[in-house]
Amino acid sequence: MASKRQQKYWLMKTEPGVYSIDDLKRDGKTYWEGVRNYQARNMMRDEMQIGDGVLFYHSQVKPMGIYGLAEIASEGYPDPSAFDPEEKYYDPKSDPANPTWMVVDVAYVAHLDPPVTLDTLKTTPGLEKMMVIQRGSRLSIQPVTPEEWEIVLNLTKQVS
DNA sequence: GCCAACGTTGGC
DNA sequence: GCCAACGTTGGC
């Protein structure tokens, strides 16, 4: 067995009206259904590993920003919502024998209090390259560097 | 509510 | 395989 590789860090975006950090706290764990973007799919399928850190970002809310922490709780597996015609995320083109879309499990870790707002991210030295602050950045799953992770956590307190 | 960014679709 | 049209995301 290969030695455990370095922990990686991610930012995952949701609208609180769809799935919020409060929902995740209530559920403890969820699977990240509904991603229909190949770049994001590839990260879940190929790169995420159990124990990776997640910045839980909320869009479409005031103020926008990082509201909590989570962690990756499984490796990638086929997205069940793609196969269910009743599901909003149903994709008739995805063949269960050769699934197009993948999910990972995501487990609750903590709320951030206060949340780290988008405005703060934009004005904090060291975060200039973060994908989430770039204009037109629509990717719902983004890689975060260890340095960025460290800086973000130093901007707030964690509460469970 | 607007509209820029940008991924996807479909005609050719 | 190109690229214009279209739809969606998401900040403002």
Side-chain angles (χ1 to χ4, degrees), chain A residues 8-27 30-48 52-72 75-106 108-145 147-156:
Chain A
K8 291 189 185 178
Y9 302 98
W10 309 96
L11 178 146
M12 298 172 89
K13 233 188 258 180
T14 73
E15 300 177 26
V18 176
Y19 198 84
S20 71
I21 187 70
D22 292 332
D23 295 329
L24 184 61
K25 182 175 186 179
R26 179 198 65 216
D27 296 341
T30 190
Y31 63 87
W32 209 251
E33 68 174 9
V35 171
R36 297 294 176 264
N37 170 282
Y38 286 100
Q39 269 180 278
R41 187 280 310 271
N42 292 347
M43 285 187 267
M44 292 198 286
R45 186 188 61 190
D46 303 333
E47 295 188 54
M48 288 182 169
D52 284 356
V54 175
L55 300 173
F56 204 92
Y57 181 90
H58 278 162
S59 60
Q60 311 289 3
V61 68
K62 282 193 174 173
M64 289 172 285
I66 297 162
Y67 278 73
L69 300 181
E71 69 177 26
I72 303 301
E75 302 204 349
Y77 60 93
D79 185 345
S81 71
F83 307 132
D84 181 355
E86 303 291 302
E87 271 277 355
K88 166 179 173 196
Y89 299 116
Y90 178 56
D91 178 4
K93 295 198 293 299
S94 180
D95 171 8
N98 184 21
T100 309
W101 304 114
M102 307 288 281
V103 293
V104 292
D105 290 346
V106 175
Y108 177 79
V109 172
H111 276 64
L112 295 187
D113 184 27
V116 179
T117 65
L118 182 60
D119 280 350
T120 302
L121 294 175
K122 282 181 171 170
T123 55
T124 300
L127 299 182
E128 296 85 357
K129 299 222 172 99
M130 265 189 102
M131 202 180 289
V132 71
I133 70 173
Q134 311 304 322
R135 179 162 178 71
S137 160
R138 293 166 44 186
L139 199 56
S140 63
I141 299 178
Q142 308 176 356
V144 170
T145 68
E147 292 76 21
E148 289 162 352
W149 173 269
E150 203 50 43
I151 292 169
V152 169
L153 292 201
N154 281 328
L155 293 169
T156 181

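Being a predicted model, the structure only gives us computed values, none of them experimental. Each chain gets a letter, A, B and so on, in the order the sequences are listed, and its residues count up from 1.
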Test salt bridge (Lys or Arg N to Asp or Glu O under 4.0 Å) applied to E47(A) - qualifying residues, sequence neighbours left out: K8(A)
By side chain to side chain contact (heavy atoms under 4.5 Å, CB included) - contacts of D23(A) (at least two apart): Y19(A), S20(A), R26(A)
5'-most by nearest nucleotide on DNA chain B - Q60(A) or R138(A): Q60(A)
Proximity to DNA chain C (any heavy atom under 4.0 Å), residues of residues 115-123 of chain A only: L118(A), K122(A)
Inter- and intrachain pairs under side chain to side chain donor-acceptor pair (under 3.5 Å), touching residues 110-119 of chain A, at least two apart: D22(A)-H111(A), Y108(A)-H111(A), T117(A)-T120(A)
Bounds of contact between DNA chain C and chain A, in 5' to 3' order, using a heavy-atom cut-off under 4.0 Å: dG7(C) to dC12(C)
Residues in salt bridge (Lys or Arg N to Asp or Glu O under 4.0 Å) contact with R36(A), at least two apart in sequence or another chain: D79(A)
F56(A): ring-ring contact (aromatic ring centres under 6.0 Å, His included) partners, not counting sequence neighbours: W32(A), H58(A)
Side chain to side chain contact (heavy atoms under 4.5 Å, CB included) against Q134(A), all qualifying residues, sequence neighbours excluded: S137(A)
Y38(A): ring-ring contact (aromatic ring centres under 6.0 Å, His included) partners, not counting sequence neighbours: W101(A)
Heavy-atom check, side chain of N37(A) versus side chain of R41(A), under 4.5 Å: no
Residues in side chain to side chain contact (heavy atoms under 4.5 Å, CB included) contact with E148(A), at least two apart in sequence or another chain: L127(A), K129(A), M130(A), V144(A), T145(A)
Earlier contact from the 5' end, DNA chain B, for R135(A) and N37(A): R135(A)
Strand contacts (DNA chain C) in residues 10-24 of chain A, 4.0 angstrom heavy-atom criterion: K13(A)
Pairing residues for V109(A) by the side chain to side chain contact (heavy atoms under 4.5 Å, CB included) criterion, not counting sequence neighbours: L69(A), E71(A)
